[in-house]
Trainee: 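First the structure, which I've put down as structure tokens, then a few questions once you've had a look.
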There are 2 protein chains.
Amino acid sequence: MDAKDLQILRELQNDGRLSNAELAERVALSPSPCLRRVRLLEERGVIEGYTAIVNQKAYGLPVTVFIQIRLDHHSTEAAQIFEHAIQTIDEIMDCHLMTGETDYMLRVVVSSLEEYEQFVRNRLHPIPNVASINTSFAYGVVKKNRALPR
Amino acid sequence: MDAKDLQILRELQNDGRLSNAELAERVALSPSPCLRRVRLLEERGVIEGYTAIVNQKAYGLPVTVFIQIRLDHHSTEAAQIFEHAIQTIDEIMDCHLMTGETDYMLRVVVSSLEEYEQFVRNRLHPIPNVASINTSFAYGVVKKNRALPR
DNA sequence: GATATATTTGGCATAATATGCCATAACGAG
DNA sequence: CTCGTTATGGCATATTATGCCAAATATATC
């Protein structure tokens, strides 16, 4: 990955639908080597895919919740059960395995506080081995960055 | 926003580079009304943009950190200064204004623990009015969802 | 420093795709 | 039922992607 690849990644993170012609111009290459670099980045898994960024409020899901979860014991089995359970729950946008006091950090998206209550009751509580659930509501987004630094 | 729009959004969240022809086929429309719907969703701000999803490890930034920040007082001015300060810091991928005990939740991306130390020293500590910084490191990602639920 | 090898690049022809326009069809209000 | 509005599909044109080849650049070896 040289400087040109980094430039390509920066441009595609800021506009994932850039045409190859436009992208090539911005990174000072002709279209064909530019396209070949993009395909290589895709094949190597550096580019995992492309996505449309949807406005949560306009979509009807204005509420973002961060949830810190601890398991009651830390066997491989308990972790596997938990991690498997969350995969099928659509409201969970992402889940990180954490160091320190909490085991998992979830970002969950819902339409309202009422729906969040339902979510906790119907989706979270049925999962076994969960010792504690710590909920933090987000009022709004102050910053949102598309491109990784550097 | 009818069912077709929702379908379009779902498809474009899962593959932001779908050709209009392919998208039209998937949502059972001919290309022209399909494209018109996409453009409308863009104009209305439902689709905020498109982005390439870059693998953090492959890119050289394997460490994700969640940081909970409290300000020492909650004047509009203190908030504005803080919120303005973080905009220019590239390592901060997103920042949410929170309810409850902490004021802000940051997601930060760095190459190593050493770099995180530098980040805190050089970027965070200079910001005024910050009362406390609570750092939580992520080992790895258990789940990552591109598409909003429903 | 010269030569051989491998890698990357740019150009071109072809195939696929997007775009804008228009007539037709579906929908809703009165 | 009828008018006015909105959405749809088809088509011609312009733009873009793709695959192939020769030229240029970089790398390694002696």
Side-chain angles (χ1 to χ4, degrees), chain A residues 1-62 111 144-150, chain B residues 1-62 111 144-150:
Chain A
M1 275 223 310
D2 59 7
K4 284 259 188 283
D5 283 335
L6 291 179
Q7 247 186 300
I8 288 173
L9 291 174
R10 197 163 347 113
E11 296 293 344
L12 285 180
Q13 284 178 104
N14 283 322
D15 183 357
R17 289 213 67 143
L18 264 184
S19 77
N20 182 57
E22 173 68 18
L23 177 62
E25 198 173 318
R26 291 196 192 177
V27 303
L29 272 179
S30 69
S32 19
C34 182
L35 185 62
R36 202 131 12 84
R37 279 171 177 269
V38 174
R39 292 289 174 263
L40 273 173
L41 289 167
E42 289 168 358
E43 281 167 30
R44 280 190 266 155
V46 181
I47 296 177
E48 294 179 341
Y50 301 87
T51 187
I53 301 163
V54 172
N55 186 298
Q56 282 189 34
K57 281 185 191 167
Y59 189 81
L61 299 172
S111 65
K144 212 168 153 188
N145 198 178
R146 291 181 192 180
L148 293 166
R150 226 183 314 175
Chain B
M1 274 223 310
D2 58 9
K4 285 259 188 278
D5 283 334
L6 290 180
Q7 247 186 299
I8 288 173
L9 291 174
R10 197 163 348 113
E11 295 293 344
L12 285 181
Q13 283 178 103
N14 284 322
D15 183 359
R17 291 214 65 145
L18 265 183
S19 77
N20 182 56
E22 173 68 19
L23 177 63
E25 199 173 318
R26 293 195 192 179
V27 303
L29 273 179
S30 69
S32 19
C34 182
L35 185 62
R36 204 133 8 87
R37 279 171 178 269
V38 173
R39 293 287 175 266
L40 272 173
L41 289 167
E42 290 168 358
E43 280 167 32
R44 279 191 267 154
V46 181
I47 296 177
E48 294 180 341
Y50 301 87
T51 186
I53 300 163
V54 173
N55 185 297
Q56 283 189 35
K57 281 185 191 167
Y59 189 82
L61 299 172
S111 64
K144 213 167 151 186
N145 199 179
R146 289 180 193 179
L148 293 167
R150 228 180 318 174

Trainee: Which atom pair, heavy atoms only, marks the closest approach of B:Ser111 to B:Leu61?
Mentor: N-CD2, 3.7 Å

Trainee: Quick check on the helix from C:dG1-D:dC30 to C:dG30-D:dC1: what's the angle between its two end axes, five base pairs per end, to the nearest 10°?
Mentor: 50°

Trainee: Once side-chain hydrogen bond (donor to acceptor under 3.5 Å, both in side chains) is applied, do any residues pair with A:Glu42, and if so which ones, sequence neighbours excluded?
Mentor: A:Arg39, A:Tyr50

Trainee: Could you give the CG-to-C1' distance, from A:Leu41 to C:dT8, as a whole number of Å?
Mentor: 14 Å

Trainee: Is a side-chain N or O of B:Gln13 found less than 3.5 angstrom from the main chain of B:Leu148, in a donor-acceptor match?
Mentor: yes

Trainee: Taking protein heavy atoms under 4.0 Å as touching, what does nucleotides 5-19 of chain D look like 5' to 3' if B marks base contact, S marks sugar-phosphate-only contact and - marks none?
Mentor: --SBBB-----SSSB

Trainee: Take the protein atom CG of B:Leu12 and the nucleotide atom P of C:dA18, then report the distance between them rounded to whole Å.
Mentor: 11 Å

Trainee: Between the side chains of A:Arg26 and A:Asp15, is the shortest nitrogen-to-carboxylate-oxygen separation below 4.0 Å, so that they form an ion pair?
Mentor: no

Trainee: For A:Asp5, does its backbone N or O pair with a side-chain atom of A:Arg10 as donor and acceptor, under 3.5 Å?
Mentor: no

Trainee: Does the A:Asn20 side chain pair with the main chain of A:Pro31, one donor and one acceptor, at a distance under 3.5 Å?
Mentor: yes

Trainee: Can you confirm whether more than 12 heavy atoms, excluding those of B:Glu25, are under 6.0 Å from its CD atom?
Mentor: no

Trainee: For B:Lys57, look at atom NZ and say whether over 12 heavy atoms of other residues, nucleotides or ligands are found less than 6.0 Å away.
Mentor: no

